[in-house]
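Take a look at the structure set out below.
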Protein chains: 2
Amino acid sequence: MTASHSPFARKLGAFVALSDRELIALDGLHTRRKVFPSGRDMIHEGQTNHSAYIVASGWASSYKILSDGSRQIVDFQIPGDFLGLRSVLCRTADHNIEPVTTLEASEVLASDLLDTFTDMPRVATAVLWAASRDEAMVVEHLVGVGRRDAKVRIVHFLLELKSRLKLVGMATSAGYDCPLSQNLVADALGLSTVHVNRVLRELREDGLLTFRHGHVEIHDLDGLIAMSNFDRTYLDEEGPMLI
Amino acid sequence: MTASHSPFARKLGAFVALSDRELIALDGLHTRRKVFPSGRDMIHEGQTNHSAYIVASGWASSYKILSDGSRQIVDFQIPGDFLGLRSVLCRTADHNIEPVTTLEASEVLASDLLDTFTDMPRVATAVLWAASRDEAMVVEHLVGVGRRDAKVRIVHFLLELKSRLKLVGMATSAGYDCPLSQNLVADALGLSTVHVNRVLRELREDGLLTFRHGHVEIHDLDGLIAMSNFDRTYLDEEGPMLI
DNA sequence: CGACGCCACTGATCTGCCTCAGTGCATGAT
DNA sequence: ATCATGCACTGAGGCAGATCAGTGGCGTCG
């Protein structure tokens, strides 16, 4: 696999050993590219009959709004991630999706996907694997919000992002670019913006990491992993591990 | 569909209109029945190469344990629910499953499931639908833990259980039997046992609901729905709505 | 150019929920 | 009959994190 493949092919290729033919087929799903501006919902709750997308560039957030106006962000999507896969199956979206930055994404028709599956069953495995991983991430997110304190929660979140970005070549162990405002982080982690700010300052003062001006710099990876009990195997690193 | 079918067939039949032949095929998955005692893990994190199950009777909990010993329960499983479906795909379980009561469950081999799928595609749709619904429930759970206060969180949780149990004929609008201790509820909702106790007392005093001695009695359904902003359509009620 | 808005940041104050340390009541074991 | 165990329940006190009320920097738009 070379860097010339799309983030999507690159990500799946990291988990299931895929042939060049299969990788090229994955890239082939990236026709029908669309651009969405940041700040306006591209899918909103209750909407029916829309498509799934694969993110080509940019970040998005999926979230729910509660009656009192507060927002819970369920997950962020980065290049290579699916958008709205579940809502295709359920027919009606149960959450909103809003780009965080300008977003490029490719529309994926269920029929195209199924054709690829019957043609190349290993691709089906890989896609199912990715969907399961997404679900596992939501579960981990739930555990964090339910049982971890603010500091550990933020560290865990930033390490998870690092792992995910690394998969598509957008992060190194030293750091990564991150377009999320403190407010977005707060809404994802069930904290207030003010508190996120304070904790980030503490992490900076402790020499653990710096998150500023849209960039995360990791100063002490071992320290971070130790304090957050981040599972290295959970989303991590090295080459094809399945099949 | 008649009450003679298994909870599993009954649940799926409520969402996808299935023929008698299809319902009977679903019941046919219930060979290989096993009994698990409460209190001992049936699946634990990191375990590989185990099966999926369908719950026939009894309740189970899936949870994670954190390094500090605290527990986050991700979901409870009731009759008709899948157990460990995702961990079959991922090959290694990412969480533990422990029966809450004595549990009867049927082992389901991936091959049997796939055979049923190729034979009856509508069944595949129904099963995928159920899996998506489970994921949507985890998302809703995340939203609750992140953004709802203790009272609303508990009410929402108990209403969701009511809807799920109703689907398999184990609840009415008046109430249902619930074998969960206050401690289990607390670990699911990210609260302390003590606080769950207090909130349940308040709900009782407000004449909204009584949860005591393993039984939930609903006194004021409209009041509960209003205060928790429970989405009636989200998991609810009336007959086949898909296909 | 100044005005407006967004974002990062800070201090003061408030509060929801936790922790600790207990009591009372079951049920089952001896 | 008594003891042990588990769950429900209560009050006192503490703390993590929320809310409120600001300041200052920076980009953008009339």
Side-chain angles (χ1 to χ4, degrees), chain A residues 37-40 59 61 66 68-72 98-102 144-158 177-205 209-217 227, chain B residues 37-40 59 61 66 68-72 98 100-102 144-155 157-158 177-205 209-217 227:
Chain A
S38 69
R40 195 161 59 254
W59 293 41
S61 61
L66 275 75
D68 65 354
S70 63
R71 169 176 67 168
Q72 175 68 46
E98 181 185 317
V100 171
T101 65
T102 298
V145 171
R147 288 294 173 199
R148 288 195 251 262
D149 71 19
K151 205 166 190 170
V152 175
R153 213 181 299 177
I154 289 179
V155 168
H156 202 277
F157 172 72
L158 292 176
D177 289 325
C178 175
L180 305 177
S181 70
Q182 296 183 349
N183 189 19
L184 282 169
V185 174
D187 280 351
L189 300 184
L191 298 167
S192 68
T193 312
V194 183
H195 204 61
V196 168
N197 181 289
R198 263 187 266 273
V199 172
L200 287 179
R201 175 167 51 74
E202 282 172 37
L203 290 170
R204 206 184 310 132
E205 286 165 1
L209 66 78
T210 304
F211 179 6
R212 253 186 169 159
H213 311 305
H215 192 79
V216 176
E217 243 174 280
M227 71 165 286
Chain B
S38 69
R40 198 160 57 254
W59 293 42
S61 60
L66 275 73
D68 66 352
S70 64
R71 170 176 63 169
Q72 175 68 47
E98 181 186 316
V100 170
T101 65
T102 300
V145 171
R147 289 292 172 201
R148 289 195 250 259
D149 72 18
K151 204 166 190 170
V152 174
R153 213 182 298 178
I154 288 179
V155 168
F157 172 74
L158 293 175
D177 289 324
C178 175
L180 305 178
S181 70
Q182 296 182 347
N183 188 20
L184 281 169
V185 174
D187 279 352
L189 301 184
L191 299 167
S192 69
T193 312
V194 185
H195 204 62
V196 169
N197 181 289
R198 261 186 269 271
V199 172
L200 287 178
R201 174 167 51 77
E202 282 172 39
L203 291 170
R204 203 184 311 131
E205 286 166 0
L209 66 81
T210 303
F211 179 7
R212 254 187 169 156
H213 312 304
H215 191 80
V216 176
E217 243 174 282
M227 71 165 286

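Sequence lines set the chain letters: A, B, ... in the order given, protein chains first and strands last, and positions in each chain run from 1.
For the pair B:Ile154 and B:Phe211, the minimum side-chain heavy-atom distance is 4.5 Å or more. At a threshold of 4.5 Å between non-hydrogen side-chain atoms, the residues B:Leu209 and B:Leu158 count as touching. Under the 4.5 Å side-chain criterion, counting only non-hydrogen atoms from C-beta, A:Thr102 is not in contact with A:Trp59. Annotation: side chain of A:Leu180 is in contact with side chain of A:Val100 (closest heavy-atom distance under 4.5 Å).
Between B:Arg198 and B:Glu202, no side-chain nitrogen of the basic residue sits less than 4.0 Å from a carboxylate oxygen of the acidic one, so the salt-bridge criterion is not met.
A distance-only check finds no donor-acceptor pair linking the side chain of A:Arg71 to the backbone of A:Leu66 [under 3.5 Å]. A:Gln182 places no side-chain N or O within 3.5 Å of a backbone atom of A:Val194 that could act as its donor or acceptor partner.
Direction change of the helix axis from one end of the helix from C:dC1-D:dG30 to C:dT30-D:dA1 to the other is 30°, with five pairs defining each end axis (rounded to 10°).
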Below 3.5 Å is the cut-off: list the nitrogen or oxygen pairs between protein and nucleotides 15-17 of chain C, distance only.
residue	atom	partner	partner atom	Å
C:dC17	OP1	B:Ala150	N	3.0

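Taking atom CG of B:Asp68 as the reference point, atom P of C:dC18 lies 14 Å away to the nearest angstrom.
No side-chain N or O of B:Asn183 forms a donor-acceptor pair with one of B:Ser181 less than 3.5 Å apart.
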For nucleotides 22-30 of chain D, give me one character per nucleotide, 5' to 3': B if any protein heavy atom sits under 4.0 Å from the base, S if the only such contacts are to the sugar-phosphate, - if neither. ---------

At under 4.0 Å between heavy atoms, how does the protein contact nucleotides 4-14 of chain D? Give one character per nucleotide, 5' to 3', with B, S or -. ----SBBBB--

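For the side-chain hydrogen bond (donor to acceptor under 3.5 Å, both in side chains) test, residues two or more places apart in sequence or in another chain that qualify with A:Arg147 are B:Asp187. Considering only residues two or more places apart in sequence or on other chains, A:Thr210 meets the side-chain contact (heavy atoms from CB on, under 4.5 Å) condition with A:Arg204, A:Arg212, A:Glu217, A:His219.
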Tell me, with the steps shown, if A:Glu98 and A:Arg40 meet side chain to side chain contact (heavy atoms under 4.5 Å, CB included). CA-CA 6 Å; A:Glu98 181 185 317; A:Arg40 195 161 59 254; over 6 Å; no

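Nearest heavy atom pair, residue A:Met227 against residue A:Val152, reads O-CG2, 3.8 Å.
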